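All values derive from a computational prediction rather than experimental measurement. These numbers come from the heavy atoms of this one structure, side chains and all, not from hydrogens, waters or symmetry mates. We name chains A, B, ... by the order of the sequence lines, and we start the count at 1 in each one.
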2 protein chains.
Amino acid sequence: MRRKGLASMAAQTVASSTVASTTNPVAGDTTTVVGVDLGPAAALSCRECGHRVPLGPVFACEECFGPLEIAYDFSAYETEELRARIEAGPANIWRYAPLLPVPADVADKPNINPGWTKLVKADNLARELGVEAGKLFVKDDSGNPTHSFKDRVVAQAIEAARAFDFTTLSCSSTGNLAGAVGAAAARAGFRSCVFIPHDLEQGKIVMAAIYGGELVGIEGNYDDVNRFCSELIGDPAGEGWGFVNVNLRPYYAEGSKTLAYEICEQLGWKLPDQLVIPIASGSQLTKIDKGLQELIKLGLVEDKPYKIFGAQAEGCSPVSVAYKAGHDVVRPQKPNTIAKSLAIGNPADGPYVLDIARRTGGAVEDVNDEQVVDAIKLLARTEGIFAETAGGVTVGVTKKLIESGLLDPTLTTVVLNTGDGLKTLDAVAGTGLTATIRPSLESFREAGLAS
Amino acid sequence: MRRKGLASMAAQTVASSTVASTTNPVAGDTTTVVGVDLGPAAALSCRECGHRVPLGPVFACEECFGPLEIAYDFSAYETEELRARIEAGPANIWRYAPLLPVPADVADKPNINPGWTKLVKADNLARELGVEAGKLFVKDDSGNPTHSFKDRVVAQAIEAARAFDFTTLSCSSTGNLAGAVGAAAARAGFRSCVFIPHDLEQGKIVMAAIYGGELVGIEGNYDDVNRFCSELIGDPAGEGWGFVNVNLRPYYAEGSKTLAYEICEQLGWKLPDQLVIPIASGSQLTKIDKGLQELIKLGLVEDKPYKIFGAQAEGCSPVSVAYKAGHDVVRPQKPNTIAKSLAIGNPADGPYVLDIARRTGGAVEDVNDEQVVDAIKLLARTEGIFAETAGGVTVGVTKKLIESGLLDPTLTTVVLNTGDGLKTLDAVAGTGLTATIRPSLESFREAGLAS
């Protein structure tokens, strides 16, 4: 698994790979295979040119350098049997193991088992936003083990890392991902080595360091960290290292499909009419669309139209800007927003997001930092959900889309909250005491607090 | 519902109460009743003298001033029917509605729906502690909506508050409880007014304030806050106010039973052999014992011995000290520990805890702050669970009990983590980067990080 530069890596790794193809005990596929068991995952397929290569730790097409993604063989599934099997599964993402690039016995392996988070019927929020009662839902991923949706994707990367005999799990990160990788690696028995800018806030360092893996500060900014990681992947020093969002990215990214599966199952195996999804790299939005399409093809939900809306912060809104300008490509921005978990100025999946928003009849919108904070507070005081800034972005965008008439308040709408407010306390630091009084009834009455 | 001083409150409220008794649609009880429907809850019963009074917002016995707790009528339940009903219930505490003081349709009302948190098979931790593989479990309550077990108890108080027509939810708090009350009240549609010492850390204030209720800082320490709340309960200014852990305490406390139910159901309807439970007021430990006893009586688990171990921090160890000295009463201490969520120097349920530990053949043990921090790190690096200081206390005590031979490492053991490390970052603030390097492979190699 010796690798060179990033550019030559795709062809190189595939050419020298001994992981030829995969067996499929889940779907009953009897293809003769050695080595890799990733369930229904049949191959890697280029999203641009469709070229297929065997499963392996590669992420770019050897023909056109397009992104590789998982191609599945679901042909053996019978709809009602599959539905029953999912419903009898564990209360985490592994209930969907038959639809993921993981072995059939995945639930028996040590993993932090994220998912099956709450889909909250948000009638109080609906009232404030003018949405019909019973039609607005918040998919609240703050309930995951390290309190962000990143646990879903890392959980997939862990199983791929096992399949490819990696011994060290790694990533570059400025926050959520570092904790998710640290926690999952610890439990799954991998060494972890996570790279972050050396001058991150102390709180974020503690959240990532607590799991006991290597946490390496790089003297430089996040771009420097990323550049260094790319160098390391091509170097013998990185032998045996799985970078969850680089050489394991095709597997990792599939974790976001579980959000689509859960939303539909929790709605009683129904597609929502509208979804509002945050955009960082855009991967999550595209994989949710992929998941919905799979459910339709498998007959698990009725085939009907749905609209996907993308949400960005104004201070990092390259996809929203491109959408509004009618462009097909995304011009990179330099991020400047409190929604740091969405602050990717050059989103890799931006063009795919534009395509999905247009194809489904959705839109891409953005809100400014003040609107993000207002939306965090709105969600907290109506539904008791304390969202990360990314959740403020989706709720804020939902409000804006309703006001502009793009989102129909009479239809079933699911808004994603992908992280936890405890991780972005700084963004709402102004929130404080509503009164200070002396410990006396007199002082209490003076403050006008009696009911 | 006009009340006077605390001492006269029990008799006063019962005498003037119009909430006479309760109907029981769950158990099929046909007692004629007006007003209060709290499911199988039949009455309030004094834990000291057994005197029974109708359900109402009271907490102290009018005869002997002993603590009141809920008495149930479970007589109509058939074991296998009940088990099937629970298993078909929602993935939260309301699957156990037939065993809680809540109406049968509780799951349809707005509540933050805590519970059904993970019971993690902790084989990595077991290895480090010398416990037999497959025998050690961590019940991880950091997965609750506001990331502590307090959501379980507040959820019960909310339903009692509805039943008694309270309009404002309140409590005194220094942390977890304030957030739990704020969130639950917001979603359930109650006004909330929470009292805290005015000089709490800014982070804790934000976590409580974000839900938009009244958050009142009291000029004084926590004792001053408590004293003021007691005054308010007895005053007309507090009319219509439900203090979750005072006048709603009998209902509130029952929420901890759900930990016992979930642990047994998640073990395949089996009692664990040993449980390690943190002690603050001691209420949680006593209610878990109550829950286990109920499951035995209902035939949902086999009747066999189990041992309950209590865990305290050395800097606030009144129950542990009393246990070791062979006393039946607990001498108050002035708390001085990083485990602030357990820092109750005069635990109300201390004597009951002593009784349970002795009756079941368990013990009460304590660990110092350094051991708490070590245990937090141990749990994080073995199982990927970042525990609050209270979780450091239980894991640390488990280690100590194994070393001293009091806890049998060959038996099934469940250790509770009742909160989330993100809320007590200060306790592990020393945790940081393992290396700092320049963004170059040379610097990486120099640091000895290559695998």
Could you have a look at [options] and say which one has the most heavy-atom pairs with chain B under 4.5 angstrom?
options	value
A:Thr382, A:Asp224, A:Thr117	A:Thr382
A:Arg438, A:Arg445, A:Glu383, A:Lys377	A:Glu383
A:Leu379, A:Ile112, A:Leu215, A:Val194	A:Leu215
A:Thr146, A:Leu441, A:Leu425	A:Leu441
A:Gly430, A:Ser142, A:Ser440	A:Ser440

Quiz item: So among B:Ile218, B:Val216, B:Leu232, which one has a side-chain contact (heavy atoms from CB on, under 4.5 Å) with A:Phe444?
Solution: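 The residue from B:Ile218, B:Val216, B:Leu232 that satisfies side-chain contact (heavy atoms from CB on, under 4.5 Å) with A:Phe444 turns out to be B:Leu232.
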Min side-chain heavy-atom separation [X]-[Y] under 4.5 Å:
X	Y	answer
A:Leu433	B:Ile196	yes
A:Glu219	B:Ile437	no
A:Lys118	B:Pro145	yes

Quiz item: Quick one: which residues of residues 177-187 of chain A reach chain B at under 4.5 angstrom, heavy atoms only?
Solution: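 Checking residues 177-187 of chain A against chain B gives A:Ala183, A:Ala186, A:Arg187.
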Quiz item: Where along residues 200-210 of chain A does a heavy atom come under 4.5 Å of chain B, listed by residue number?
Solution: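 Listed by number: A:Gln202, A:Gly203, A:Ile205, A:Val206, A:Met207, A:Ala209, A:Ile210.
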Exercise. Could you go through the side chain to side chain contact (heavy atoms under 4.5 Å, CB included) check for A:Asp420 and B:His147 one step at a time?
Key: CA-CA 10 Å; A:Asp420 199 293; B:His147 307 316; 2.4 Å; yes
Quiz item: Listed by chain and number, what are the side chain to side chain contact (heavy atoms under 4.5 Å, CB included) partners of A:Arg381, not counting sequence neighbours?
Solution: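 Here the qualifying residues are A:Glu128, A:Leu378.
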Quiz item: Checking B:Val120 against chain A: side chain, backbone, both or neither under 4.5 Å from a heavy atom?
Solution: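 It is the side chain, since no backbone atom gets that close.
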Practice problem: Select one option (side chain, backbone, both, neither) describing which atoms of B:Ala429 are under 4.5 Å from chain A's heavy atoms. | Solution: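 The answer is the backbone of B:Ala429.
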Quiz item: Among B:Glu214, B:Lys423, B:Arg227, which has the most heavy-atom pairs under 4.5 Å with chain A?
Solution: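 Among B:Glu214, B:Lys423, B:Arg227, the one with the most close pairs to chain A is B:Glu214.
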Quiz item: Which one, B:Gly212, B:Cys193, B:Ala380, leads in non-hydrogen pairs under 4.5 Å with chain A?
Solution: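 Option with the top pair count is B:Ala380.
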Exercise. Measure distances from A:Asn113 to the heavy atoms of chain B and classify the residue's part below 4.5 Å as side chain, backbone, both or neither.
Key: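 Both backbone and side chain of A:Asn113 come within 4.5 Å of chain B.
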Exercise. Quick one: which residue pairs count as a ring-ring contact (aromatic ring centres under 6.0 Å, His included) with a foot in residues 172-213 of chain B, not counting sequence neighbours?
Key: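 Listed by first then second residue: B:Phe195-B:Phe228.
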